[in-house]
2 protein chains.
Amino acid sequence: MSKVELLPVLEPDADAVPCCPPLSERALTAEESVRTAAMFKALGDPVRLRLFSLVASAEGGEACVCDISDVGVSQPTVSHHLKKLREAGLLTSERRGTWVYYRVAPSVLAAMGNLLATSS
Amino acid sequence: MSKVELLPVLEPDADAVPCCPPLSERALTAEESVRTAAMFKALGDPVRLRLFSLVASAEGGEACVCDISDVGVSQPTVSHHLKKLREAGLLTSERRGTWVYYRVAPSVLAAMGNLLATSS
DNA sequence: ACAGCGCATTGATGAATGTCGAATCAGGGC
DNA sequence: GCCCTGATTCGACATTCATCAATGCGCTGT
């Protein structure tokens, strides 16, 4: 039984990724590239990107799997992709009763957006 | 014909990718997901992301292949990855004499950044 | 307790990907 | 013309990946 957290955002989570100086400013090191590429890779599949956008744009910031499963692939495949997104640190999941809810990991969107920021 | 020239950015180029409503705002369609995922996928490899960052952070906005080839893989592999980035619309290349110079495709960084924009 | 539903895991398979060495192409200088 | 250097292309190989059907697990009513 894990901690039941009700705080919506901004608790000091361990898997936060502070990794990101804007790309236009400084080249990434080899190690930074590995960690950051894993996130881009997670969004680099059409089905996953669609699932992620469905969660990111969902009411209340979260979505039940049953609400986003209609993306043209089988149910196990949806589960597989959601797992990948979780492992990449992009989504978090929580079971409440019958359903499992996914939400976007806080600070991850901001970090990636910052990385691609147009400093020009 | 009002000739717009010399503007550093924002000229209406053909390969611009207008694809992008912020993710937090609206879910992507299947077709949008395919096109956009291709870009994330291109950045989803450590070597490619590093090469891209080297070009993006280079002096004058461009870099010779010879200047960014030291990323731990063979030179044909570097060329292969640069081609992938070119095909994804993220980089453009130009040969000047002996060397080939790469630069970041304008408006692509902005489009991807916009997609990940934190509307919160 | 049992049946039913939601979601995750397993195992298998065909396709895509990253990597290299060798060969090839393109320019510049001798 | 000939060679040297920079860069791309080719062929091959091992690994990873996306996908599915079948199965397992957790929870909820009845």
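Residue numbers begin at 1 in each chain, while the letters A, B, ... track the order of the sequences. Since this is a predicted model, take the numbers as computed values, not measurements. Heavy atoms only: backbone and side chains are in, while hydrogens, waters and symmetry mates are out.
Residue B:Cys64 places its side chain closer to D:dA7 than to any other of C:dC7, C:dC20, D:dA7. Closest to the side chain of A:Lys41, out of D:dC17, C:dA8, C:dC20, is D:dC17. Set against C:dA8, C:dC20, D:dC27, the side chain of A:Gln75 has C:dA8 as its closest nucleotide. Distances from the side chain of A:Lys84 to the nucleotides D:dC17, D:dC20, D:dA7 place D:dC17 closest. Which of D:dG6, C:dT9, C:dG18 sits closest to the side chain of A:Pro76 comes down to C:dT9.
Distance, B:Leu51 CG to D:dA7 C1': 14 Å, rounded to whole Å. Atom C1' of nucleotide C:dG29 and atom CH2 of B:Trp99 are separated by 12 Å, given to the nearest angstrom. Per the geometry, NE2 belonging to B:His80 stands 15 Å off C1' belonging to C:dG21, to the nearest Å. Taking atom CG on B:Leu85 and atom C1' on C:dG18, their separation rounds to 14 Å, with Å as the unit. Note: CG (B:Leu49) to P (C:dG18) measures 13 Å, nearest angstrom. Rounding to whole angstrom units, CD of residue B:Glu87 and P of C:dT17 are separated by 10 Å. Atom CZ of A:Arg96 is separated from atom P of C:dG6 by 17 Å (rounded to the nearest Å). Distance B:Tyr101 OH to C:dG27 C1': 13 Å, rounded to the nearest Å.
Listed pair B:Ser79 / D:dA7 fails the phosphate criterion, with no side-chain N or O lying under 4.0 Å from OP1 or OP2. For D:dT9, the OP1/OP2 oxygens have a side-chain nitrogen or oxygen of B:Lys83 closer than 4.0 Å. Regarding contacts with the backbone of C:dC20, a side-chain N or O of B:Ser74 is found under 4.0 angstrom from either OP1 or OP2.
Side-chain atoms of B:Arg86 and B:Tyr102 include a donor-acceptor pair closer than 3.5 Å.
Looking at heavy-atom distances under 4.0 Å, B:His81 makes contact with sugar-phosphate atoms alone, never a base. B:Thr98 comes within contact range of the sugar-phosphate backbone alone, with a heavy-atom separation under 4.0 Å but no base atom that close. Looking at heavy-atom distances under 4.0 Å, B:Tyr102 makes contact with sugar-phosphate atoms alone, never a base. The residue A:Arg48 sits close only to the backbone: its heavy atoms come under 4.0 Å of sugar-phosphate atoms, none of a base.
With A:Ser53 contributing its side chain and A:Arg50 its backbone, the two residues share a donor-acceptor pair below 3.5 Å. Side chain of B:Arg48 to main chain of B:Leu43: no donor-acceptor pair is present (N/O by atom type, distance under 3.5 Å, no hydrogens or angles).
A:Glu32 and A:Arg26 are joined by a salt bridge, as a carboxylate oxygen and a charged side-chain nitrogen come within less than 4.0 angstrom of each other.
Following chains of ILVMFWY side-chain contacts shorter than 4.5 Å, one cannot reach A:Val71 starting from A:Tyr101, and the two form parts of different hydrophobic clusters.
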